[in-house]
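For reference, the structure is listed below as structure tokens.
What you are looking at is a predicted structure, and each value in this text was computed from that prediction instead of being measured. Proteins come first, then strands; the chains are lettered A, B, ... in the order of their sequence lines, and each starts at number 1. Only this structure's heavy atoms are used, side chains among them; waters, hydrogens and symmetry mates stay out.
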There are 2 protein chains.
Amino acid sequence: MVATLKDVANKAGVSTSAVSRAFTDGASVSSKMRKKVEKAASELGYSPNFLARSLTTRRTKLIGLVSNNFHNPIFLEVFDLFTRGLQDRGLRPLLVNLSDETNPEQSLQMLRQYSVDGVLVASSTLPPEFSMAFRSKGIPVINTFGRYSSSPEVHVVGIDNVEAGRMAARELAQRNYKAVAFLGGPEIATSTQDRLKGFREEMAKYPLIRISHTFAKEYSFQAGRTEMLRLSKGDVAEAYFCGDDVLSIGVLSAIKDIGLEVPKDIGLIGFNDMKMSSWESISLTTIHQPIQQIINSSIELMVAMFDEPNRYPEARLFPCQIIERGTLRPRL
Amino acid sequence: MVATLKDVANKAGVSTSAVSRAFTDGASVSSKMRKKVEKAASELGYSPNFLARSLTTRRTKLIGLVSNNFHNPIFLEVFDLFTRGLQDRGLRPLLVNLSDETNPEQSLQMLRQYSVDGVLVASSTLPPEFSMAFRSKGIPVINTFGRYSSSPEVHVVGIDNVEAGRMAARELAQRNYKAVAFLGGPEIATSTQDRLKGFREEMAKYPLIRISHTFAKEYSFQAGRTEMLRLSKGDVAEAYFCGDDVLSIGVLSAIKDIGLEVPKDIGLIGFNDMKMSSWESISLTTIHQPIQQIINSSIELMVAMFDEPNRYPEARLFPCQIIERGTLRPRL
DNA sequence: TATTTCTTTGCAACCCGTTGCAAAGAAATC
DNA sequence: GATTTCTTTGCAACGGGTTGCAAAGAAATA
């Protein structure tokens, strides 16, 4: 049915090695030979079978792209950037939807069966052990958006969540809020823990500011809304640092329902700066996470690991940035 | 490094065929043999290489998942459902981001090189020729969310966009709007064309209703917003049928800026019923597209084609449904 | 032109599995 | 117990490529 290397060799009257070489960059072939082969190949509509090739080259150019977050719109941006970045380098993303799973075993086995060249774990909630499982089997792995401190054995590309928490704290302090709160994502998420940690650390410098914290069940609109509605039954803070933009939007919705106004009655700063946050109807002040850079860097690091599998693990952290929009009152 | 079938065979003291059979369902192996092999295999941490296997079985279980829309949040839901559905059946999605490309050649070649078992084209904007290219090379292909009428050679799973357009028209008529407009996505998108077609057809039955139409540059918030702002400089209709929810949300934002109120001054009905449309702060009346069913059905059809590659092409269309929320005035 | 060096080519083994076929072994029948 | 039938096993060829090595050919040097 579909033409093979042998067919091309027959048609061109040359050996199979010659054909193979004609399709390999930098192989030892004369240009006459290459021309002859290419002619035969194009007449037959031949192109090499990557999977057969991978058997000997040990390179599939398949990359496992693992995520456990298919609900937060920011991940659509993430997938877009990852797929384009990989494609541009001739790599192919094998998408793995982890859903509720946090155990690496299944994914690990599956990705090994497909001999992926590497694995990109795109998650800010998975425990470091997840990525470690791949590394310990010798598969290059990058934990994008991961926590760097606790897993120095694995490459991490992302941001310093602790510092981001401090940044939020400084910002609220500068705007003279006297009672602030952190409204995080799921308590077990490493990103939430770290942002809270930084937030408290920094706030400790302002003894006059009251601080509290609480967690939403997940990074989602409804979770944010629900949590804020719950909070509204008690003492409401003057400003909230919200662990994620989609969560923030839920919170905004709740605030409106309660009958309060942003930023007049209550301040809000989000996290991520997803596209939607800049929509005029939302206009969320938030902390921008440079996902374009993070993703590019993740891919570059992955590619570098192909040549240097035992590369010493590093953490690549990018600075975040406050994006001023309409949900915090002006600075002093 | 990683254990192969031969290693297992040596360790267990049996032939490679025996090992192979032990890992194949329904193969002729005694249970003693299987036990022996499994023991050796688990000691070595062996699991079969799918790609090597695929050379002889001619099944990779890889499915190309092709999309050109990484901006509309509905596609996050689509990816979620597709990846889970495929995984549940032991299939693996190889994600292809088409971006601006509409030419199938590159994707076709790439997916052939990876010997995918089938291709799912998830797009309501790609021309039918795109999917046809795969079919003509003998690769099972389903056009999910595609247009059925113009490409009877390819399997299509989705909705009847013309009928959906009629549905919107009926709904607006029933609510006694006297000047309505269709605000579609990109004019070249088949889905936009069909929805407009149905909308006009149905509206033709109501000679007293004035009707017009216009197109946004793409299915996005900004495109919707921009288009509505532009429209606001001229004659504004009483109600808009918007070709997509994210577009609608942009339109809503513009309406607010203009100083009009929904549904008091102006009505709006969207399309898709993405998660976000049900957020309390948006509460968009819209037409629900049953994407869960569409995607399940697409996958089932794909699987059926494995056994019956020349299956006569069919269109599977699912009915849509109006979801009443807060952006249309009550029925008469 | 003869010799040396470099480039190009083909052979054959290999990558990691599967599978048709025949031989060996076990079970069933007489 | 001998014969027939069924099950299990191993051999060897195969799937679609790549690659080390040696031979052949071309170019460079003497």
Confirm from the modelled atom types if B:R53 and D:dG15 form a donor-acceptor pair under 3.5 Å, side chain to base only. no

Give me the atom names and distance for the closest heavy-atom approach of A:Y46 to A:T4. CE1-C, 3.5 Å

Using a distance-only criterion (donor-acceptor N/O pair, under 3.5 Å, no hydrogens), is the base of C:dC11 paired with the side chain of A:S17? yes

Any side-chain N or O of A:S54 less than 4.0 Å from the OP1 or OP2 oxygen of D:dG17? no

For atom CZ of B:R59 and atom C1' of C:dT19, their distance in whole Å: 16 Å

Within the 4.0 Å heavy-atom criterion, would you say B:Y46 contacts the bases, only the backbone, or no part of the nucleic acid? sugar-phosphate

Side-chain N or O of B:S15 less than 4.0 angstrom from OP1 or OP2 on D:dG10? yes

What nucleotide among C:dG17, D:dT9, D:dT18 has an atom nearest to a side-chain atom of B:T4? C:dG17

Interatomic distance where CE belongs to A:M33 and P belongs to C:dT8 [whole Å]: 11 Å

Rounded to the Å, how far apart are B:F23 CZ and C:dT19 P? 15 Å

Short side-chain N/O contact to C:dC16 OP1/OP2 from A:Y114, under 4.0 Å: no

Using only side-chain N and O atoms of A:T56, determine if any of them is under 4.0 Å from OP1 or OP2 of D:dT18. no

When the distance from NZ of B:K6 to C1' of D:dC11 is rounded to whole Å, what number comes out? 14 Å

Atom pair distance, as rounded to whole Å: CG in A:L5 and P in D:dG16: 10 Å

Applying the 3.5 Å cut-off to both distances, the Watson-Crick or G-U partner of D:dA30 turns out to be C:dT1

Do A:N68 and A:S123 have a side chain donor and acceptor closer than 3.5 Å? yes

Any A:S30 side-chain nitrogen or oxygen under 4.0 Å from OP1 or OP2 of C:dT9: yes

Atom-to-atom span, CG of A:L51 to C1' of D:dC14 - whole angstrom: 17 Å

Compare side-chain N and O positions of B:R58 against OP1 and OP2 of D:dG16 and report whether any pair is under 4.0 Å apart. yes

Tell me: CZ of B:R21 to P of D:dT8, nearest whole Å? 11 Å

Whole angstrom value for the distance that separates P of C:dC15 from CG of A:N49: 18 Å

So, A:N69 versus A:T125: side-chain donor-acceptor pair below 3.5 Å or not? no

Would you call A:D88 and A:R84 a salt bridge, taking side-chain N to carboxylate O under 4.0 Å as the test? no

Under a 3.5 Å cut-off for both contacts, is C:dA23 paired Watson-Crick or G-U wobble with anything, and if yes, with which nucleotide? D:dT8

Looking at B:K11 and B:E43, does any basic side-chain N land under 4.0 Å from a carboxylate oxygen? yes

Contact class for A:V19 (heavy atom, under 4.0 Å): base, sugar-phosphate, or nothing? nothing

Closest non-hydrogen contact found for B:F50 with B:T60 is CD2-O, 4.4 Å

